[in-house]
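Report on one structure; see the data block that follows.
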Amino acid sequence: MRNDERLRTIYEVMAPYIVRSERNWRDYLAFASRFHKQSFDNILLVYAQDEDVTILATKKQWAGVGRNLISRPKGIAVCVYSNARLTLDYLFDISQTVGKEIHPTNWQLSDEMQKALGERLTFSHGFQAQPLPDLLYALAREAVNDNYEHYLQGLRQETKNHLFEEIPAGGFEAQYIQLLSDSVSYFIGKKCHLPDEAIRMGDGMRQSAILIRFTGCPSGYAVTSISKAVLLEMERNIRIINRERKENM
């Protein structure tokens, strides 16, 4: 079997699996949060091939930060779209490299970092001061409300001749918004190493198990894209805070 055919098979098997239950969906989101800069398709492929990876990059990217691959490492195949043509590339975990020490963003936020980050995000978004889990949920809700219409348009076409078509438009939209909001909040909460019980959510995932299965990959694309935007903003602020601290030492 050619590599591209193998990846297609992996994708076709894993896509239904991650939306089979709320637990599967949560497990996938927790894994995906480690790789928030990757696309949904490639995160799904990585998830299917090795759930134990931590930090991934291509051979060229590792060389760029001063790390080299160990002898004959096994790469994880992912897709690269170039000029509308599908090609393959391979990612390698940091455990498969040696060399210069790297310092990725520390997402296990200290109390001091939570306070400083919270102040910056609260000010920039016009929120009320609130604990980190509530702030993450507010960011998730805001980001979903700003972006869900784009993803909902495609789902409206897919609900034709389906039981969801019988749900009033506003009811379906409300359920979808809640599902995305809870999923994004969970995604970014796991990125920040919060335990499940600390992550603020509504009843979107619990009440919408059928909706998760039905929306499947479209929800995966939406959650991944929206979460990425929120986390990139958080990461920029974390770097600014760390830089200011160094300058004031």
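Computed from a prediction, not measured in an experiment: that's the story for all the values here.
- V184 and I18 fall within a single hydrophobic cluster, where Ile, Leu, Val, Met, Phe, Trp and Tyr side chains are chained together by heavy-atom contacts under 4.5 Å.
- R34 places no side-chain N or O within 3.5 Å of a backbone atom of L56 that could act as its donor or acceptor partner.
- Contacts classified as side chain to side chain donor-acceptor pair (under 3.5 Å) and involving residues 115-130 (residues at least two apart or in different chains) are given here: K115-E119, R120-N237, H125-E142, H125-E233.
- There is a path of hydrophobic side-chain contacts, each under 4.5 Å, that joins L139 to L180.
- The side-chain hydrogen bond (donor to acceptor under 3.5 Å, both in side chains) check on D27 picks up R23, with sequence neighbours excluded.
- The minimum heavy-atom distance between D182 and G202, with the atom names listed, is OD1-N, 2.8 Å.
- Under a hydrophobic-cluster definition in which Ile, Leu, Val, Met, Phe, Trp and Tyr are linked whenever side-chain heavy atoms come within less than 4.5 Å, directly or via other members, Y137 and I199 are assigned to different clusters.
- A distance-only check finds no donor-acceptor pair linking the side chain of S227 to the backbone of I188 [under 3.5 Å].
- Residues V144 and V223 are members of one and the same hydrophobic cluster, defined by side-chain heavy-atom contacts under 4.5 angstrom among Ile, Leu, Val, Met, Phe, Trp and Tyr.
- Sorted by first and then second residue, the pairs that involve residues 36-59 and meet salt bridge (Lys or Arg N to Asp or Glu O under 4.0 Å), not counting sequence neighbours, are K37-E235.
- Chaining together hydrophobic side chains whose heavy atoms lie under 4.5 Å apart places I70 alongside V98.
- With sequence neighbours excluded, the residues satisfying side-chain hydrogen bond (donor to acceptor under 3.5 Å, both in side chains) with N24 are S21.
- With sequence neighbours excluded, no residue forms a side-chain hydrogen bond (donor to acceptor under 3.5 Å, both in side chains) with S33.
- For the side chain to side chain contact (heavy atoms under 4.5 Å, CB included) test, residues two or more places apart in sequence or in another chain that qualify with S110 are E112, M113.
- The side chain to side chain contact (heavy atoms under 4.5 Å, CB included) test applied to Q108 returns N106, H193, not counting sequence neighbours.
- Here the straight-line distance linking atom CD1 of I55 with atom CD of Q61 works out to 12.5 Å at 0.5 Å rounding.
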Give the table of side-chain donor-acceptor pairs shorter than 3.5 Å for residues 238-249, with sequence neighbours excluded, one pair per line with atom names and distance.
unit_1, atom_1, unit_2, atom_2, d
N242, ND2, I238, O, 3.3
N248, ND2, E244, O, 3.0

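- Sequence neighbours left out, not one pair with a member in residues 62-76 passes salt bridge (Lys or Arg N to Asp or Glu O under 4.0 Å).
- Residue pairs that meet the ring-ring contact (aromatic ring centres under 6.0 Å, His included) test with at least one member in residues 42-64, sequence neighbours left out, are Y28-Y47, F31-Y47.
- Taking T54 as the reference, D93 meet the side-chain hydrogen bond (donor to acceptor under 3.5 Å, both in side chains) condition, with sequence neighbours excluded.
- Between S183 and W25 the shortest heavy-atom distance is OG-NE1, 3.0 Å.
- Taking hydrophobic clusters as Ile, Leu, Val, Met, Phe, Trp and Tyr residues chained together by side-chain heavy-atom distances below 4.5 Å, L88 shares a cluster with F92.
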